Amino acid sequence: MAKIVYILNGPNLNLLGKRQPEIYGYQTLDDVRQLCEAQAVEAGLQIVFRQSNAEHDLIDWVQEAREHGAGVIINPAAYSHTSVAILDALNMCTFPVIEVHISNIHKRESFRHHSYVTARADGLIVGCGTEGYLLALRHMATLLSDD
Ligand code: DQA
């Protein structure tokens, strides 16, 4: 059975494509999902791709991934900068975690420079636009192929 990679997206990413396109680009989250689906099929992986504006959903999904998944790719969006609870949930997982930010958070306001999730992330991709999801998935496939 194919390994399942959870790709989780935090608040406001539902509006990707419309939201500050000069920062986040014009691709929608559904475009990103479709590209990830295609790449996952090629890599022999299955993905669960979700978005929520609610912190507790992201926590519940990390806990679900802990039971059913082989890895998590997460863009916690603004919760990156505030959520010890998401970090705690990820700290209960033993599989690979890759954090993605579409924009280069280090080039932006200082409050975006720190992410709680980075303390747990095995890999971190920032500033590569929505392609960052595909880079993360490619690296996740490499990590999981070593199992
Ligand atoms: C983001 C960066 C965060 O600072 C911001 O709050 C987001 C998106 C990114 O993908 O670049 O919502 O995570």
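What you see is a predicted model, and the numbers here were worked out from it, not measured in a lab. We count ligands from 1, going down the list as the structure has it; atoms in each ligand are counted the same way. Sequential numbering from 1 along the given sequence is applied to the chain's residues.
- The aromatic rings of Phe111 and His81 lie perpendicular to each other, with more than 60° between the two planes, well past the 30° mark.
- Residues in residues 26-45 take part in these salt bridge (Lys or Arg N to Asp or Glu O under 4.0 Å) pairs, two or more places apart or across chains: Asp30-Arg33, Arg33-Glu37.
- Considering OH of Tyr79 and CD of Glu55, their distance stands at 5.5 Å, rounded to 0.5 Å.
- Among protein residues, Arg19, Tyr24, Asn75, Ala77, Ala78, His81, His101, Ile102, Ser103, Ile105, Arg112 come within 4.0 Å of ligand 1, judged on heavy atoms.
- Here Glu64 contributes atom CD and Ile4 contributes atom CD1; the two are 9.0 Å apart, rounded to the nearest 0.5 Å.
- Looking at every heavy atom in both residues, Gly44 comes nearest to Ala2 through O-CB, 3.6 Å.
- Of the N and O atoms on the side chains of Tyr133 and Asn9, at least one donor lies less than 3.5 Å from an acceptor on the other residue.
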